[in-house]
Asks: 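Following this message is one structure expressed as structure tokens.
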Number of protein chains: 2
Amino acid sequence: MAFDAIETPFGKVDKIVGGSGIYVAYAAANFTTPIQQISIIGYDFPQSELDELVSRGVQLEGVEVVSDKKSFFWSGRYHEDMNSRDTLVTDLNVLADFNPKVPDSYQGAEFLMLGNLSPDIQLSVINQLTVRPKLIVMDTMNFWMDIALDGLKEVLKKVDVLMVNDAEARQLSGEYSLVKAAKKIMEMGPAFLIIKKGEHGALLFHQSHVFFAPALPLEDVFDPTGAGDTFAGGFIGHIAKTKDISFNNMKTAIVVGSAMASFCVEKFGSNRLKEITKADINIRIAEFVQLVNFEIDLI
Amino acid sequence: MAFDAIETPFGKVDKIVGGSGIYVAYAAANFTTPIQQISIIGYDFPQSELDELVSRGVQLEGVEVVSDKKSFFWSGRYHEDMNSRDTLVTDLNVLADFNPKVPDSYQGAEFLMLGNLSPDIQLSVINQLTVRPKLIVMDTMNFWMDIALDGLKEVLKKVDVLMVNDAEARQLSGEYSLVKAAKKIMEMGPAFLIIKKGEHGALLFHQSHVFFAPALPLEDVFDPTGAGDTFAGGFIGHIAKTKDISFNNMKTAIVVGSAMASFCVEKFGSNRLKEITKADINIRIAEFVQLVNFEIDLI
């Protein structure tokens, strides 16, 4: 839970609420509650945002508030194609000494979504849980592969689902072919691998099975910030709602995640996620069904 | 119909039969016959290849044989990622003065696939047909946008379906968003637009409708040469077999085209296309169904 300053070809915002946990929570809360949040914020984090989260069923007992430090701050600028960006500022602030504590009231959680953070912090949360969740999903990024690969591999052994993008899958496995990359990564621990390809959709691998979900073709991508986290939130939200961790239900969860991500990019930050209703989500899901639905006979 | 010399990270071949018409014919002949081919070859084109085509139901009356010139020759080398290539040699040979003549026996053809060639040649074929086909499909590429844009736009006014890749759709429309690009291109003439995205699949646009078909995730892409032409052959083959030019049936045709293209890249040139049986095609199509099939309820 943090602040972002974002510049895209369509405009800029100076300081808005962001961070992986924000997007995951707003997306998942459409499908299941309570969401039991673990994060750290500074004195500058707005009470109104916390109230909004609570009103949507997000519990904040696991969110540490540091009274004499600022919240994490990231600033970035997207290039014309929206597929690449430059980081302008990273102020760790409270995140520098984040030592997450899982509240007793969170014990027994059946589904754990580990947002993109240092592998040490992800591992600490897993180890504090007295009962192993039915499903542990992990997001990560190339930054942690560069500076904390050993720790990352430790976490990989303890999770069920890994989410990375295509470049990260290639970096982690040393394989260019995503099919080969998936095999190698699943040998590192996770039984399921989701490879996110941005505007080109997402792949789900499990044993010898593969499933593909497209991204919705959009007229404009206004701001991609948080799209991957929103995807993760929709994914875990659907799984937690249905309590079904089969490959078949994960396919559905990926379509739900893609639908949620397609909203996220329509406005700056999490603004669009806060506007949408269940009716909006149903319309969007129906568009995904139309997008890939076909009938075919054998020849 | 031509010769190619191809170098990929997996190996090289000095001189094998290739060319858009070869791939389209071999792919389409699995679905419908006769295929009435229009092309030009030199004295060096192997009789065995012509016999093979005829045995599969490809008619060659429209293929001009020039007794004192060589066939078109292209040589290229693919980069490590297989998504880009360098052209090493282009010998036009017989293609320099190709003036296609549509045989009387071809008149009345219901479906016309215009392979990637100069817009003048494509237009000449359209204009020679005494009865307008039920469906005219056009392939083209950035090269013709660079040197013959006016001619290309003339052909666009006369075709029903245009096939281009994503970079070409952006170049032709001047729009980065593929949704916006599609709208502009459909205003230029074709009621349907197919945007091929290689390993990222293909999009079909028509009015306000959009359909997406993925490419099959493959362990290795051995040689991408001809994949786009094979896609076109599978597409037009399915349409010609079913004689159904609705948007719904085009969705199916795109899946068929994607399945055929997934075979093409498994070996050099058209080698794999010559091996496969209808049973192989059915297995591959079933894999595509599995790849995108999901069940979802509204929330």
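Just so it is clear: chains get the letters A, B, ... in the order the sequence lines come, proteins before strands, and each one is counted from 1.
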Asks: About how many Å separate CZ of Phe294(A) and CG of Asn248(B), when rounded to the nearest 0.5 Å?
Replies: 12.0 Å
Asks: Of the backbone (N, CA, C, O) and the side chain (C-beta and beyond), which part of Val221(B) lies under 4.5 Å from a heavy atom of chain A, both, or neither?
Replies: neither
Asks: Would you sort out whether Asn293(B) and Phe211(A) count as a side-chain contact (heavy atoms from CB on, under 4.5 Å), showing the intermediate values?
Replies: CA-CA 8 Å; Asn293(B) 177 53; Phe211(A) 171 71; 5.8 Å; no
Asks: Does any heavy atom of chain A fall under 4.5 Å from the side chain of Lys278(B), the backbone, both, or neither of them?
Replies: both
Asks: Kindly assign one of parallel, tilted or perpendicular to the pair His200(B) and His200(A), based on the angle between their ring planes and the thresholds 30° and 60°.
Replies: parallel
Asks: Quick one: which of Gly201(B), Ala286(B), Pro214(B), Ala213(B) has the most heavy-atom pairs under 4.5 Å with chain A, could you say?
Replies: Pro214(B)
Asks: In terms of heavy-atom contacts, does CG of Asp146(B) have more than 12 from other residues, nucleotides or ligands at under 6.0 Å?
Replies: yes
Asks: Give the ring-plane orientation class for Phe212(B) versus Phe212(A), where under 30° counts as parallel, over 60° as perpendicular and anything between as tilted.
Replies: parallel
Asks: So which of Leu216(A), Asn249(A), Leu218(A) has the largest heavy-atom pair count under 4.5 angstrom toward chain B?
Replies: Leu218(A)
Asks: Heavy-atom distance under 4.5 Å to chain A: side chain of Ile281(B), backbone, both or neither?
Replies: side chain
Asks: Count the heavy atoms belonging to other residues, nucleotides or ligands that lie under 6.0 Å from NZ of Lys12(B), then report whether that count exceeds 12.
Replies: no
Asks: List in chain and number order the residues that pass ring-ring contact (aromatic ring centres under 6.0 Å, His included) with Phe111(B), two or more places apart in sequence or in another chain; answer none if no residue qualifies.
Replies: none
Asks: Against chain A, label Leu203(B) side chain, backbone, both or neither, depending on which of its atoms sit under 4.5 Å from a heavy atom there.
Replies: side chain
Asks: Just give me the residue among Leu204(B), Val255(B), Thr242(B) that pairs up with chain A most often, heavy atom to heavy atom, under 4.5 Å.
Replies: Val255(B)
Asks: Pick from Gln290(A), Glu175(A), Lys197(A), His238(A): which one has the most heavy-atom pairs with chain B under 4.5 Å?
Replies: Lys197(A)
Asks: Under a 4.5 Å heavy-atom cut-off, does chain A meet the side chain of Asn282(B), its backbone, both or neither?
Replies: both
Asks: Can you tell me how far the CD1 atom of Ile296(A) sits from the CZ atom of Phe288(B), to the nearest 0.5 Å?
Replies: 9.0 Å
Asks: Using a strict threshold of under 4.0 Å (side-chain N to carboxylate O), is an ion pair present between Lys251(B) and Glu295(A)?
Replies: no
Asks: Between Arg170(B) and chain A, with a heavy-atom cut-off of 4.5 Å, which part of the residue counts as in contact: side chain, backbone, both or neither?
Replies: side chain
Asks: Give, as side chain, backbone, both or neither, the part of Leu291(B) having an atom under 4.5 angstrom from any heavy atom of chain A.
Replies: both
Asks: Does the side chain of Pro217(B) come within less than 4.5 Å of Val210(A)'s, by heavy atoms?
Replies: yes
Asks: Within a reach of under 6.0 Å around NZ of Lys134(B), are more than 12 heavy atoms found that belong to other residues, nucleotides or ligands?
Replies: yes
Asks: Taking every heavy-atom pair that is under 4.5 Å apart, which of His209(B), Glu287(B), Glu219(B), Lys180(B) has the most such pairs with chain A?
Replies: Glu219(B)
